[in-house]
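Per chain, numbering begins at 1; letters A, B, ... match sequence-line order.
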Amino acid sequence: MEAHKLRNPNKEDSELLVKLNALKAKHMKGALVPSSASASTKEEEARADLISHYVLRLAYCRTAELRKWFLAQECEMFRLKFSKYEAAEHEAFLAVHAPQYKAVDSAEFESVRDDVYKVMHSCLESKDIIQRTMAAPHFYKVAWTRVPELVSQRRVLLRRGFAYVSREALAPLVVAEFRASVSKGLSDMARRWRQMFPAEEEQRLQPLVASLANRSLVADYSGVATKYGDVSAASLQQLSARHFPLCMGHLMTQLHAEKHLRHGGRQQLGLFLKGIGLPMEEALLFWRSEFAPRTPNDQFDKQYAYNIRHNYGREGKRTDYTAHKCTTIVCFSGGPGDHHGCPYRRLDETQLRQALGRLKCEDRKIEEAVAKAREGHYQLACASAFEGIHRVPEMDVGVSAPLQYYTESRRIHAEREATAAQGAGAAAAGAGAGAAAGTGPGAAGAGAGGSGAGDAAMEAAPAGGATPGAPTPPQRGLKRGPEGAPLGSTPGAGR
Amino acid sequence: MADTGKRQRVDQDGADVPAAPKISVQEAMPQYYAKLFPCQHLAKWLAYGNDSKHAQADAHFFNRREFCFTLPGDIFVRYQAFKDAAALQEAIQRRCPAKIDIGPVYSASPADRHKFGAAFQPVERELVFDIDLTDYDDVRTCGSGGHICARCWPLMAVAVKIIDQGLREEFGFQHILWVYSGRRGVHCWVCDPSARQLPDEARGAIANWFAVYKGHEEGKAKIGLVGTTKHPAVERAAGILREAWVETILPAQRLLEDGPACEALLRYLPDEGLVAAVREQWKKDSRKRNMTADVNISRWRSLEAVVKAKIGEEKKSKGAANYKALAPLERCLDEIVLAHAYPRLDMEVSKKMNHLLKAPFCVHPATGKVCVPLEPPAVDAFDPDAVPTVGSLLGELQAAAAAREAEGGDAKPPSEPWRETAMAEAVASFERCLLAGLAGANREELAQRTRVAVAVGQMGVDF
């Protein structure tokens, strides 16, 4: 039951905390602490937290990939909890766990005062905070490598390799320490696990540990490939026009027009095509013919074929890569010649209108999509476009992955064809479309903790873990590698 | 071999360059590697003092470094490792690669990587940056793709200055080598011990720190400016750019002459009325314009004046509290400058320890140009069309041999033939920029290892 508290990585901060509590309540056997929590229940909670942390450490220590994912999730949790601390708690925590941060004395602070002020201003800190911080400055001077998060966002003053960090901006600093110690703990544990556990615990712990890491609450689209049969290079253009989301359709169009795509675009489209069931040979055929004649055959073999085989896990590291989700794609940026990334973010409004018009989207929905994109809700914009193109009513959760869009589109299409084939009247067809919109987003939206089918999938997952010792079969058709590590759903794919 | 820009040469002493023999770059490479490639210097750098007799020197350090050869026909041969400079020189001469890339130092020799499995990991690597003019194609008017000329070099020059200053003043690095990449860009190698040991996360953080330009969105360059105050690091960069903008970039790129570049630039102004006002002012200027002044500069000055007048107007009419209208106005001038000239890094190269990067002193297979070091203080005067090429260097060798012949043929050629060519200046520059400073850092690093060893010994820990 401990396994499921941190599997929902695609949320905003505040939302995430709420979500975490909800998940916790659900999976921790109703450990919902009433508001009048006594000291003992708090202690109890901390104990449960501790146990779950260590159980998960065990489960996720076995491969570098798993460790990396687990580390990222635990750090995120820690960051959230730490940000809820109050000033006094911060101080107490620092004194105990991180005494190596030296405070900056007032003389030195004067020399950097102006620049510190500018940094805070440039980060759009509120006037209150700036005033409070500058009135009673408590700054710490640390090597910049300890605060990569702050450096990454340019939220700190750097002088000759040292970062001037205010007490308020401590969180990343402490998270870094936490990360280091958990990371070390994980690798220690991995070593010991290899050295001693398998022999003694083969029957008892081994299967449990192996299966823990394979559970997922997030919808997994790896089954898409098989559901509608394999896709061939020849059918791609047609499929693209009907079923591809704009990010992929746009790449297809650009590829066709320019006879070339840059690396980011090849990666985004290639992995998606793989996801919808394009076999590797067909993929090679497709790219080769699209790149011709601009890229002659032998040059294609030299420059591009390796990468395609690599994506299919046939070269180099031999990882079976999965298609990008929206969260990844939205974050892509690129130069003027790049076409990857989320079109709702990257195209300007005229281009976006044209592109959606070409897909025969309803005008009303085009405007809706453009408006949502303008506000920065790219995934909702995509959902609006989906509704407009497929003429279906509201799809209340946003699109979370191109593969989800594709699956939904294929399913609606298949249903409509079926009803048409039955020779049913226009009324039946309407009902079919309505039903499709009702159940569809729910089933696919399990990642967002949606309703209906999504919850059913969530409940199915913990069922196996309730009986320790019983080796659980891999859940929901996840592909498994030689050591039982998940190949299909790469941990950490969400972040 | 075009000698038009010879006056500006920094890598040659201005002496007459003999006409180069007409052979292809690929044909010239065996001779280049045999006589001109300063392999000893490269190996000296990459050994970081571990080639000394010091008790703490790690004799296997150099051998754990990955080299990647690109053989003619784009065949990549990765995971090459060599025990010392002589072995490296021998392999280079034998295989005659079109390109040599330098990878990280691994936990074991790359030759034995299969033996170690997952334990074979990169452990150390210079922090590197790669800036390519290709990424500036939307803001340069003189050419695109692999093109480079004196008109777009100012963009590279400011990039070098901004990143170099940032690395030194903000991050405290000292041993920084800049190299012309042979065609259309520059590479940067930060070789401080602390830089070499940065984990990938910290490399990503540095790359982001410098990434003020964040790609393109809605047909405009995305510049991460918000509010009215800039981060001191961005302000420093903007200071360098503002100066270069009017002195070199604007006149060289002619961005404000009528055309698509000018239209694109005007789109950074926050409202249509302002654009109209600027055009109006330009029209007025053109009537009384004095023909000697550069139109780009005069138009820029007018644009600045119009925006500033508008700011004054807004402040007067609605007071300083009118933040919503004022902030974009106050930002827009800097935004234009940053969008057109702020360094555009290839982020992926910097983020990962195990990214390969072309070694200095390689020859670009298409241009024949040698990847020579650049010195940031002299970067403005650098002329990418005047760097030594494999052809020009071989010509100088021949000339030197002929001169000896003429003097009676008694004098012997030097043991390192490149000393008679323009390569000597490039190597001297390499020594000045990097090797001289590194010597001290290497000694300090070894001494630190001694201190650690002693401390461990005192603790009585027995490994």
Does [X] have more than 12 heavy atoms from other residues, nucleotides or ligands lying within 6.0 Å of its [atom1]?
X: A/Tyr117; atom1: OH; answer: no
X: B/Lys222; atom1: NZ; answer: yes
X: B/Glu263; atom1: CD; answer: yes
X: B/Gln26; atom1: CD; answer: no

How many angstroms lie between [atom1] in [X] and [atom2] in [Y], if you round to the nearest 0.5 Å?
X: A/Arg154; Y: B/Lys230; atom1: CZ; atom2: NZ; answer: 12.0 Å
X: B/Ile206; Y: A/Trp144; atom1: CD1; atom2: CH2; answer: 3.5 Å
X: A/Asp348; Y: B/Arg267; atom1: CG; atom2: CZ; answer: 7.5 Å
X: A/Asp115; Y: B/His231; atom1: CG; atom2: NE2; answer: 8.5 Å

Heavy-atom contact with chain A under 4.5 Å, split by part of [X]:
X: B/Leu198; value: side chain
X: B/Val212; value: both
X: B/Phe76; value: neither

Residue selection (most heavy-atom pairs with chain B, distance under 4.5 Å) from A/Arg159, A/Gln351, A/Arg345, A/Gln153: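 So the answer, after comparing A/Arg159, A/Gln351, A/Arg345, A/Gln153, is A/Arg345.
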Pick whichever of [options] has the most heavy-atom pairs under 4.5 Å with chain A.
options: B/Leu167, B/Thr134, B/Asn208, B/Asp74; result: B/Asn208
options: B/Ala233, B/Gly204, B/Pro232; result: B/Pro232
options: B/Tyr136, B/Phe171, B/Phe210; result: B/Phe171
options: B/Gln174, B/Arg168, B/Glu201; result: B/Glu201

Closest approach of B/Ala202 to A/Pro148 (non-hydrogen atoms, all atoms of both residues):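 Heavy atoms of B/Ala202 and A/Pro148 come nearest at CA-CB, 4.5 Å.
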Which portion of A/Val156 sits near chain B, non-hydrogen atoms under 4.5 angstrom: both
Part of A/Lys118 within contact of chain B (heavy atom distance under 4.5 Å):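 Both the backbone and the side chain of A/Lys118 come within 4.5 Å of chain B.
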